[in-house]
Amino acid sequence: MRFSKAFIPTTKEAPSDAVLASHIFLARAGFTSQVAAGLYNYLPLGKRVLKKIENVINEEMTKVGAQEVDLSFVTPADLWEESGRIEKFGKELLRFRDRKDNLFVLGPTHEEMMVSLVRNRVTSYKQLPLNLYQVKTKFRDEARPRFGLMRGREFVMKDGYSFHATDEDLNREFEMMEASYKRILERLGLDFRVVEADSGAIGGSGSKELMVIADSGEDTIAICESCEYGANVEAAERSDRQEIPEAPEGDFNKFQTPDVKSIGNLANFFKVDPYYTMKCVAKRMMYEDGDQVVLFFLRGDDELQEVKAVNAAEALEIADVSEEELTALGLVPGFMGPLEMETVPCVFDSSLKGGKDLICGANEEDYHYVGVDMSVLDEGLFADLYTAKEGDGCPHCSSKLLYTKGIEVGHIFKLGTTYSKPLKAEFLNEKGQAEPFIMGTYGMGVSRLIAATIEQHHDEKGCIWTKETAPYMVNVMVSNIKDAEQLAFGEALYKELQDAGVEVILDDRKERFGFKMKDAELIGFPYTVIVGKELEHGNVQIVERATLEKRAVFADKAFTEIMDRLS
RNA sequence: CGGGGCGUAGCUCAGUAUGGUUAGAGUACCUGGUUUGGGACCAGGGGGUCGAAGGUUCGAGUCCUUUCGCCCCGACCA
C-alpha cells in the first residue's frame, strides 16, 4: 500500500469525548471513527487489524476441529420467546418488525439460533461432539456504552457452541477450548489471566473468563502471587484464615451498647477484633414473582459480595434497602442480629459456620449479644458471601491474593442443558432414549481485543501493535520524496518486501520528515525504515516501534535485516 | 434508569454572564512560493441552517419552552 493513496485520516487532536488511550489513539490514528453512542466505523487500518485477529482465531479454531458458520444477524423473536430470554434480556434486545409485521431481534448472542440450527439435524450420539462457531457483529442495546470499542452496542464477537452427549465430553471440550483461547491470546501478544467467573443464575457447572491485564479494565480480579489461581472478584475464594485473632472472653449475655451501630464502633466498644463481630447487610432480592428483603450475615471484617449473595438467595437481582423500609419490617437498623429472627430470611457466610464468641445485634435498639455460639443456628442457610480481599490466602496454595484490573476478552461456559432443554434440542443416546444436548459456549470479544491490545500496548506517542495484530508490519518511509535517489531506493525496498510477502506500506507522501515520523509512531507500525539523507552515505535506519530504538544499517542490507527481525 | 457536563467550521475550542456590524481563533483543506531529519514558513482562498423546533424581541449563537444527540459517575451488563 502507498500511504499517498491510503485512506488513513490521522489527526493531531483527540476527539473530545475519548477517555481511554485505546479510544484516543484508534481515533487519532485513523483506525475507527464514532458514528453514535456505541457504534463505530472501521476504517481501512481498523478493518485490517480486525481481520488479523479473526485470522488467528480461525486458525486456532480449525486446529481444534471447530467449524465456522455464519448465522443470520436478524433472528425471529419466536426463538427468544421459546428460550425465555426475550424477557431476561429486556431492553438490550433491539426489536423491530418487518413489512409483514413479524417481530425480529438483532442477535446479541446466538445460543438460540445455534440450537435451532442443530436440533433435528443432529439426532444421534454418533454425530457428537460438534463445535460450531462464527465471528460476527452482535448488537446489544447497552444502557451505557462507553470507552470506544471496549463496550460498544454493536461489536464483533467470536461465539462458539459445542454439543455433547455426556458431561465428561463437555469437560474435555471445555479444557480444550480454554487451551485454545490461551493460545490465541498468546499469539496476539497479550498479557492475560484465566480466572474463575461467576456461573450466575444461568447455572451450569462452571465458567472462566479470559482477562487482559490493564489498569483501565472494568473488572477487578484477584490473582495469586505464586500459583495460577485467579478469579473475578465476584467469584473469588480464599483459604481459611491462617491466624485467628485471640477470642474475646465472656459467656452469652446481652449488653447495652448505646448508639454503637457500625462494626468499627462495636469492635472498639468491646475491644475485640472485628473478626468476632457479626455484620448484617440487608438487601432486597428480586425474584420472578416479587421481591423479598434478605439479611446477610458475615464476619465484621468481611464485605458482602453481591453476586455471591444473589446466587446464595437464588435471586435474579439485588438492590439496596432503606432504613425506613427496614424499620417498617420491624427490624432495628444498626442492631440487627440472627437470633430469634423470624420475620426475614437470613443467609450466613460460610466463615461463620461453627463460630463462637461472637458479638451480634440483639434486634433491639442499643443492645448487642456477646458470646454467641453459631451452633444454635446450625440449621440456617450457609453460603459463601464474602468478598476476597487483597492479602487473603489463595484457596489453592495459601499464598497471598493480589487485586488487579482486567478487560474481559473471553468467557467460556459450561452450559449443560440450559438451552437445549427449553428449546427441546435432543439426540438419541446409545439406548435409543432422547436426551437434551449437553452444551458449552465460548465467547471472545474480537473488537474489544483491538481496544485491549492498545490498552496494553501503547505509549505517549501512540499505538504499539504486536506481530499478529499490526495492520502493516513495515513502513518504508521516504524522508524527502523530491530526492530521486531516496524515492527510488524506497520504491525498490517496498517492492522487494512486498514480493517477499511482507505486509508493507510505503510512505511516499509529500510531507516533511517529522510529520511522517509522528504518523508512523501514532499508527504504530512495528518497524519503520527511514530512507533519508543518510542514504548518500549508504545507510538507512530501522526504527523499532516498541522500543523506539533507531539503528543504522547499510542500505543494501536493509531487506535482509528486516526479514531477520520479522522471522 | 438516577446524577452531572457538553452540542458553534472536518477536528479542538473561544464568543452566551449583560441580546446589537458581515460569528471568530488554531488546526485541517485548496492555490502559489519557499522549505525538506521530528507535526515548517509566507501570501491568497474555500468552508457555518451556532444540534433541532417553537416562542419573546425592532433585533437571538446569546433570553424562555420543548426536544434530540453525545460524554462522564452510578445502577445495569453474554
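Naming convention: chains lettered A, B, ... in sequence-line order (proteins, then strands); numbering from 1 in each chain. On a predicted model such as this, the values are computed, not experimentally measured, just so you know.
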Peer 1: How is A/Pro108 classified with respect to the nucleic acid when contacts are heavy atoms under 4.0 Å: base, sugar-phosphate, or nothing?
Peer 2: nothing
Peer 1: Expressed as a whole number of Å, how far does the P atom of B/G54 sit from that of B/G59?
Peer 2: 16 Å
Peer 1: Starting at atom CG of A/Asp320, determine the distance to atom P of B/G2, rounded to an integer number of angstrom.
Peer 2: 17 Å
Peer 1: If the condition is side chain to side chain donor-acceptor pair (under 3.5 Å), which residues does A/Asn539 pass it with, not counting sequence neighbours?
Peer 2: none
Peer 1: Both distances under 3.5 Å, Watson-Crick or G-U wobble: report the partner of B/A75, or none.
Peer 2: none
Peer 1: What pairs with A/Ser83 under side chain to side chain donor-acceptor pair (under 3.5 Å), at least two apart in sequence or on another chain?
Peer 2: A/Glu112
Peer 1: Provide the Watson-Crick or G-U wobble partner of B/G69, both distances under 3.5 Å; none if there is no partner.
Peer 2: B/C6
Peer 1: On a whole-Å scale, what distance lies between the C1' atoms belonging to B/A60 and B/G20?
Peer 2: 10 Å
Peer 1: Using salt bridge (charged side-chain N to carboxylate O under 4.0 Å, His left out) as the criterion, list what pairs up with A/Arg193, not counting sequence neighbours.
Peer 2: none
Peer 1: State which residues pass salt bridge (charged side-chain N to carboxylate O under 4.0 Å, His left out) with A/Arg144; sequence neighbours excluded, sorted by chain then number.
Peer 2: none
Peer 1: Does the side-chain contact (heavy atoms from CB on, under 4.5 Å) test come out yes or no for A/Lys461 and A/Arg545, once each step is laid out?
Peer 2: CA-CA 10 Å; A/Lys461 290 170 183 284; A/Arg545 177 63 186 88; 3.6 Å; yes
Peer 1: When the C1' atoms of B/C68 and B/U27 are considered, how many whole Å apart are they?
Peer 2: 29 Å
Peer 1: Distance check, C1' atoms only: B/G69 and B/U31, in whole angstrom units.
Peer 2: 37 Å
Peer 1: For A/His411, check ring pair (Phe, Tyr, Trp, His ring centres under 6.0 Å) against everything at least two apart and list the hits.
Peer 2: A/Phe413
Peer 1: Starting from the C-alpha separation in whole Å, work towards a yes-or-no answer on side-chain contact (heavy atoms from CB on, under 4.5 Å) for A/Val105 and A/Val74.
Peer 2: CA-CA 6 Å; A/Val105 163; A/Val74 175; over 6 Å; no
Peer 1: Reading nucleotides 24-39 of chain B from the 5' end, what letters show protein touch, with B for base, S for backbone sugar-phosphate only, - for no heavy atom under 4.0 Å?
Peer 2: --B--------BBBBB
Peer 1: Which value, in whole Å, describes the distance between the P atoms of nucleotides B/C63 and B/G19?
Peer 2: 9 Å
Peer 1: Taking the six-membered ring for Trp, are A/Phe25 and A/His458 parallel (under 30°), tilted (30 to 60°) or perpendicular (over 60°)?
Peer 2: tilted
Peer 1: Go through the structure and list residues passing salt bridge (charged side-chain N to carboxylate O under 4.0 Å, His left out) with A/Glu491, not counting sequence neighbours.
Peer 2: A/Arg2
Peer 1: How does protein reach along nucleotides 68-76 of chain B, written 5' to 3' as B (base within reach of a heavy atom under 4.0 Å), S (only sugar-phosphate), or - (no contact)?
Peer 2: --SSBBBBB
Peer 1: Taking B/G24 as the reference, what is the distance to B/A14 when you measure between their C1' atoms (whole Å, please)?
Peer 2: 7 Å
Peer 1: Write out a two-atom table: protein N or O, nucleotide N or O from nucleotides 41-50 of chain B, distance below 3.5 Å.
Peer 2:
none

Peer 1: With a 3.5 angstrom cut-off on both distances, give the Watson-Crick or G-U wobble partner of B/G61, or none if there isn't one.
Peer 2: none
Peer 1: Whole-Å distance between B/C77 C1' and A/Leu94 CG?
Peer 2: 16 Å
Peer 1: Could you tell me how far B/G47 sits from B/G7 if I compare only their P atoms? Round to whole Å.
Peer 2: 25 Å
Peer 1: Listing request: all side chain to side chain donor-acceptor pair (under 3.5 Å) pairs with a residue in residues 15-32 of chain A, at least two apart in sequence or in separate chains.
Peer 2: A/Ser22-A/Glu455
Peer 1: Does B/C41 have a Watson-Crick or wobble partner in any strand here, with both distances under 3.5 angstrom, and which is it?
Peer 2: B/G33
Peer 1: Using the C1' atoms only, state how far B/A9 lies from B/C73, rounded to an integer number of Å.
Peer 2: 32 Å
Peer 1: Mind checking side chain to side chain donor-acceptor pair (under 3.5 Å) for A/Thr75 and listing every partner two or more places apart, or none if nothing turns up?
Peer 2: A/Trp80
Peer 1: Test of understanding: with ring pair (Phe, Tyr, Trp, His ring centres under 6.0 Å), list the residues that count as partners of A/Tyr133, not counting sequence neighbours.
Peer 2: none
